[in-house]
Amino acid sequence: MRFDIITVLPGLLESPFAHSILQRAQKKGLAEIVVHNLRDYANNKHKSVDDYPYGGGSGMVMSIEPFALCIEKLKSEREYDDVIFLTPDGVTLNQGIANQLSIKQNFILICGHYKGIDQRVRDLYVTREISIGDYVLSGGELPAAILVDAVVRLIPGVLSDETSALSDSFQDDMLDAPVYTRPAEWRGHKVPDILLSGNTREIEKWRFDQALERTRERRPDLLGE
């Protein structure tokens with residue numbers, strides 16, 4: 001799986017992709033993450049990629065030309081399943097979307113900045129728009145990192161225990177059950193006896209009941225009717 005990420009702040013993405021699961025996925029050859037500096041495609045001596053908005057108003061708007069040059073170059077080299085724009089007015093990212101994307105191969109991720117990007121980029125090139133929540137960030141770099149993490153961890157072979165991702169919160173439209181590890185008792189607080197019983201069937205029933213109760217309390221919207 002390959003992610004080509006277009007940004008004006010490539011340094012902001014160095015750390016998220018250089019550690020933990022994302023680093024492991026790249027070393028195993030299961031994921032390829034390439035960051036492209038949009039300024040490399042600016043046709044002016046100052047390498048500026050933004051301009052004042054038509055019609056007036058505050059802020060600066062990212063220009064269409066650098067995006068077009070970068071996207072068209074990338075598309076000339078390989079086929080892409082989606083060109084994704086990270087934006088607050090996109091569809092909110094959830095586990096279902098991450099699952100859908102995890103079975104695809106190549107993506108271009110567009111990170112906006114300033115006031116936004118020229119609408120023509122969205123009209124002509126973008127195939128999917130995704131938000132990570134109902135709030136505004138300074139740019140699309142952090143949402144891009146979150147999206148990549150959510151998708152890459154689902155690729156078979158990335159996690160040490162491949163069944164781990166299948167039991168995460170939201171996979172079955174429920175939150176995960178409480179989890180415990182050693183010691184069995186700490187400062188008078190004990191692990192539930194059922195988890196120490198060795199009775200797999202009863203443990204699974206307990207986990208399901210706990211997950212259902214937690215979901216009802218915290219996210220009843222996930223349960224629908």
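- Placement of I117 and I84 in two distinct hydrophobic clusters is found when ILVMFWY residues are connected by side-chain heavy-atom separations under 4.5 Å, directly or transitively.
- To the nearest 0.5 Å, atom CD of residue E32 and atom CG of residue D4 are 7.5 Å apart.
- Contact check for V152 versus I155: side-chain heavy atoms found under the 4.5 Å cut-off.
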ask   = Going through the distances and angles, do Q95 and L154 end up as a side-chain contact (heavy atoms from CB on, under 4.5 Å)?
value = CA-CA 10 Å; Q95 193 62 47; L154 298 174; 3.7 Å; yes

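- Using a 4.5 Å cut-off on side-chain heavy atoms (C-beta onward), E202 and K205 make contact.
- Linking Ile, Leu, Val, Met, Phe, Trp and Tyr whenever their side-chain heavy atoms come within less than 4.5 Å leaves L109 and L74 in two separate clusters.
- Using a cut-off of 4.0 Å between Lys/Arg side-chain N and Asp/Glu carboxylate O, R207 and D209 are scored as not salt-bridged.
- In this structure, R78 places its CZ atom where more than 12 heavy-atom neighbours from other residues, nucleotides or ligands lie under 6.0 Å away.
- Pairs engaging residues 55-80 under the ring pair (Phe, Tyr, Trp, His ring centres under 6.0 Å) rule: none recorded [sequence neighbours left out].
- Within 6.0 Å of CG in D134 there are 12 or fewer heavy atoms belonging to other residues, nucleotides or ligands.
- Note that OG1 of T92 is 10.0 Å distant from CD1 of I130, once rounded to the nearest 0.5 Å.
- Residue pairs meeting the ring pair (Phe, Tyr, Trp, His ring centres under 6.0 Å) criterion with at least one partner in residues 88-145, sequence neighbours excluded, are F3-F107.
- Heavy-atom neighbours of K47 NZ from other residues, nucleotides or ligands within 6.0 Å: above the threshold of 12.
- Within 6.0 Å of CD in E79 there are 12 or fewer heavy atoms belonging to other residues, nucleotides or ligands.
- Remark: P53 engages V61 in a side-chain contact (heavy atoms from CB on, under 4.5 Å) (not counting sequence neighbours).
- Under the 4.5 Å side-chain heavy-atom criterion for grouping Ile, Leu, Val, Met, Phe, Trp and Tyr, V8 is connected to I108 within one hydrophobic cluster.
- Using a 4.5 Å cut-off between side-chain heavy atoms of Ile, Leu, Val, Met, Phe, Trp and Tyr, Y41 falls into a hydrophobic cluster with L69.
- By the side-chain contact (heavy atoms from CB on, under 4.5 Å) test, L13 pairs with I5, T7, F17, V35, E141, A145, sequence neighbours left out.
- Remark: K190 NZ is loosely packed, at most 12 non-hydrogen atoms of other residues, nucleotides or ligands lying under 6.0 Å away.
- K104 NZ: more than 12 foreign heavy atoms inside a 6.0 Å radius.
- The backbone N or O of G90 lies less than 3.5 Å from no partner atom in the side chain of E129, so there is not a single donor-acceptor pair.
- Counting heavy atoms from C-beta on, the side chains of L101 and L147 come closer than 4.5 Å.
- Note on M62 and L124: same hydrophobic cluster, where clusters join Ile, Leu, Val, Met, Phe, Trp and Tyr whose side-chain heavy atoms are under 4.5 Å apart, directly or indirectly.
- Between the S197 side chain and the N199 main chain, a donor and an acceptor come within less than 3.5 Å of each other.
- Side-chain contact between L30 and M1 is absent, with no heavy atoms from C-beta onward closer than 4.5 Å.
- The main-chain N or O of M60 is never found under 3.5 Å from a side-chain atom of D50 such that the two would form a donor-acceptor pair.
- N94 has its side chain out of reach of L222: every pair of non-hydrogen atoms, C-beta onward, lies at least 4.5 Å apart.
- Across G157 and K28, no two heavy atoms sit closer than the pair O-NZ, 2.7 Å.
- Side-chain contact between L86 and I110: absent, with no pair of heavy atoms (C-beta onward) separated by less than 4.5 Å.
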request  = Assess whether side-chain contact (heavy atoms from CB on, under 4.5 Å) is satisfied between I132 and L137, documenting all intermediate values.
outcome  = CA-CA 10 Å; I132 63 166; L137 298 175; 4.1 Å; yes

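- Grouped with Y54 in a hydrophobic cluster is no other residue, since no side-chain heavy-atom contact under 4.5 Å to another Ile, Leu, Val, Met, Phe, Trp or Tyr is found.
- Distance check, rounded to the nearest 0.5 Å: CZ of R2 to CD of E77 gives 7.0 Å.
- Annotation: D193, atom CG; neighbour count of heavy atoms from other residues, nucleotides and ligands within 6.0 Å does not exceed 12.
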request  = Could you check L223 against T215 for side-chain contact (heavy atoms from CB on, under 4.5 Å), going step by step and ending with a plain yes or no?
outcome  = CA-CA 8 Å; L223 299 175; T215 306; 3.8 Å; yes

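- Here the side chains of R24 and V158 are not in contact, with every heavy-atom distance at 4.5 Å or above.
- Residues M174 and Q210 fail the side-chain proximity criterion, which asks for heavy atoms closer than 4.5 Å.
- A salt bridge links R122 and D89; the closest N-O separation between the charged side-chain nitrogens and carboxylate oxygens is under 4.0 Å.
- The hydrophobic cluster containing V49 also contains L12, counting ILVMFWY residues as joined when their side-chain heavy atoms lie under 4.5 angstrom apart, directly or transitively.
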